[in-house]
Visitor: 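Here it is, the structure, as structure tokens.
Note that ligands are numbered from 1 as they come in the structure, with each ligand's atoms numbered from 1 the same way.
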Amino acid sequence: MKKIILITGWIGYIWSHSVVAFEQAWYKIVIVDNLSNSSLETLENIEKIIWYKPDFFEVDLRDKNKLEKVFEKYNFDWVIHFAGLKAVWESCEKAELYFDNNINWSNILFWLMKKYWVKNIVFSSSATVFTSDNKSPLDESMQTWNCSNPYGTTKFLIENILKDLAKFSWFRVMNLRYFNPIWAHSSWFLWEDPEWIPNNLMPFIFKVATWELRELKVFGNDYNTIDGTWVRDYIDVVDLINWHLKAYEKLSPLNPPLQEGEKKWFFKTYNLWVGKWKSVLEMIKATEKIVWKKIPYKIVDRREGDLDEVYCNPEKAKKELGWEAVISLEESLENSWRFYNK
Ligand code: NAD
Ligand code: UFG
């Protein structure tokens, strides 16, 4: 029998890419999303790939009664918690909204999980949980507090709430931190194509390459990095999703059981990155090679809340989960460009 997974926020950018992988891995998927940053069109596109519509409920996590009805209807094995607000700069302007949406409403979800004995959870955390005192390459043993922006604080706090739920309520938690995912799905039905002006770098660069936007604004060139522009660790969405499937296998209580000497409670954190980095100017150059044209850009002031240099040491994931990113940056950019240019 298929295992049933409740996925919150699943028709967002990253997660809508994982349908095929989940289907192949034999999971039944139930989605809840309030459509605040996604649309039903994506769900229709998902249907074109898997030939049926996954069970979907338009539910805001704050609506406990509506969410409880979903818990009553299914016997979930896992929850994958992706729903949340995610723009670093916006969180600086609207911290209270981020605390409400990401923390308070997540807690409603955890409350219902406990009530219905659903103890396995995979949580989408982020590189923003690290304190800016840490120097890259970051690894899982490094300090995570004093975050640079409220969005990071929400992820840091949820990580710690889940740690306590693991310790005291027997939740089994896979806490996955990732950074800058890119690419469009090979089916081309799914892609990151926000109708409004994108916040994230890569969709912005591609929209400049297609002349939809005039020029890229580079937020600062006075950081302490190779060329003064910020540095990030980019990962292909498909690599990221495969990584999640590995994590789910590990989360299953039977596979493997806790090792002798291992703590009784199960809370594991993995950094989900490639371990290679690129500055913004290097990303522009790398994209120019793929699109065969110049990307006009202008240096402007720093953006609030940004960190300068963030990339990671992916050894733990390699060693414990046997995961390694296999898709090169060039391949990711080529695939994205094929979509944007079609
Ligand atoms: P996204 O905004 O595309 O998707 C998030 C989804 O959650 C959206 O469909 C939105 O409608 C939904 N949502 C938000 N608040 C909700 C609520 N209260 N109730 C129900 N649904 C709600 O984001 P994404 O890029 O797919 O990211 C998914 C997760 O991964 C987020 O938790 C994000 O913080 C994390 N993450 C993303 C990145 C990235 O660069 N994209 C990096 C690190 C971590
Ligand atoms: N940037 C520009 N110009 C732009 C957009 C971005 O110069 O038009 C710069 C930003 O200043 C930043 C870098 O590009 O330094 C990357 O910015 P993104 O907005 O693409 O991504 P962030 O690194 O700020 O944040 C992303 C996700 C978050 C996630 C975070 C770390 O959006 O959800 O990575 O995990 F949490």
Visitor: Output yes when Asp100 and Arg62 qualify as a salt bridge under the 4.0 Å nitrogen-oxygen rule, no when they do not.
Guide: no
Visitor: Could you check whether Lys86 makes a cation-pi contact with Tyr151, meaning its NZ or CZ is under 6.0 Å from the centre of the six-membered ring and within 45° of the ring axis?
Guide: no
Visitor: Looking only at heavy atoms of Lys155, does any of them come nearer than 4.0 Å to an atom of ligand 1?
Guide: yes
Visitor: Looking only at heavy atoms, is any part of Asp60 under 4.0 Å from ligand 1, and if so is it the side chain, the backbone, or both, or is it neither?
Guide: both
Visitor: Go through ligand 1 atom by atom and flag the ones less than 4.0 Å from a non-hydrogen atom of Phe82.
Guide: 28 (C), 29 (C), 31 (C), 32 (O)
Visitor: Polar contacts were defined as any N/O atom of the residue lying under 3.5 Å from an N/O atom of the ligand; does this apply to Trp105 and ligand 1?
Guide: no
Visitor: So, 4.0 Å and heavy atoms of Leu35: is ligand 1 close enough to count as a contact?
Guide: yes
Visitor: Can you list the residues that meet the ring-ring contact (aromatic ring centres under 6.0 Å, His included) rule with Tyr311, with sequence neighbours excluded?
Guide: Trp277
Visitor: For Ser125, take its heavy atoms, then give the atoms of ligand 1 lying under 4.0 Å from any of them.
Guide: 43 (C), 44 (C)
Visitor: Using salt bridge (Lys or Arg N to Asp or Glu O under 4.0 Å) as the criterion, list what pairs up with Lys319, not counting sequence neighbours.
Guide: none
Visitor: Could you name the option among Tyr151, Tyr178, Phe123, Phe57 that has the heavy atom nearest to atom 33 (C) of ligand 1?
Guide: Tyr151
Visitor: Is the side chain of Ser39 donor-acceptor paired with the backbone N or O of Leu35 at a distance under 3.5 Å, no angle test?
Guide: no
Visitor: Judging by distance only, is a nitrogen or oxygen of Ala83 under 3.5 angstrom from one on ligand 1?
Guide: no
Visitor: For ligand 2, what is the set of protein residues having any non-hydrogen atom at a distance below 4.0 Å?
Guide: Lys86, Val88, Ser126, Ala127, Thr128, Tyr151, Tyr178, Phe179, Asn180, Asn199, Asn200, Leu201, Phe204, Leu216, Lys217, Val218, Phe219, Trp230, Arg232, Arg303, Asp306
Visitor: Partners of Lys217 by salt bridge (Lys or Arg N to Asp or Glu O under 4.0 Å), sequence neighbours excluded?
Guide: none
Visitor: Within the structure, does Leu85 bring an N/O atom to less than 3.5 angstrom of an N/O atom in ligand 1?
Guide: no
Visitor: Is any side-chain N of the basic residue among Lys285 and Glu282 closer than 4.0 Å to the acidic one's carboxylate O?
Guide: no
Visitor: Should Asp33 be counted as touching ligand 1, given the test is an N or O pair under 3.5 Å?
Guide: yes
Visitor: Minimum distance, heavy atoms only, to atom 6 (C) of ligand 1: which one of Ser38, Gly9, Pro181 is it?
Guide: Gly9
Visitor: Is the side chain of Asn149 donor-acceptor paired with the backbone N or O of Cys92 at a distance under 3.5 Å, no angle test?
Guide: no
Visitor: Find all atoms of ligand 1 within a distance of less than 4.0 Å from any non-hydrogen atom belonging to Gly84, and give their numbers and elements.
Guide: 5 (C), 7 (O), 13 (N), 14 (C), 15 (N)
Visitor: Has the side chain of Thr131 got a donor or acceptor atom that lies under 3.5 Å from a matching backbone atom of Asp133?
Guide: yes
Visitor: Among Phe76, Phe110, Trp117, whose ring-ring contact (aromatic ring centres under 6.0 Å, His included) with Phe71 holds?
Guide: Phe76
Visitor: Taking the six-membered ring for Trp, are Trp78 and Tyr27 parallel (under 30°), tilted (30 to 60°) or perpendicular (over 60°)?
Guide: tilted
Visitor: Would you kindly confirm whether Leu281 and Ile295 end up in one hydrophobic cluster when ILVMFWY residues are joined by side chain heavy atoms under 4.5 Å apart?
Guide: yes
Visitor: Does only the side chain of Val59 get under 4.0 Å from ligand 1, or the backbone, or both, or neither? Count heavy atoms.
Guide: backbone
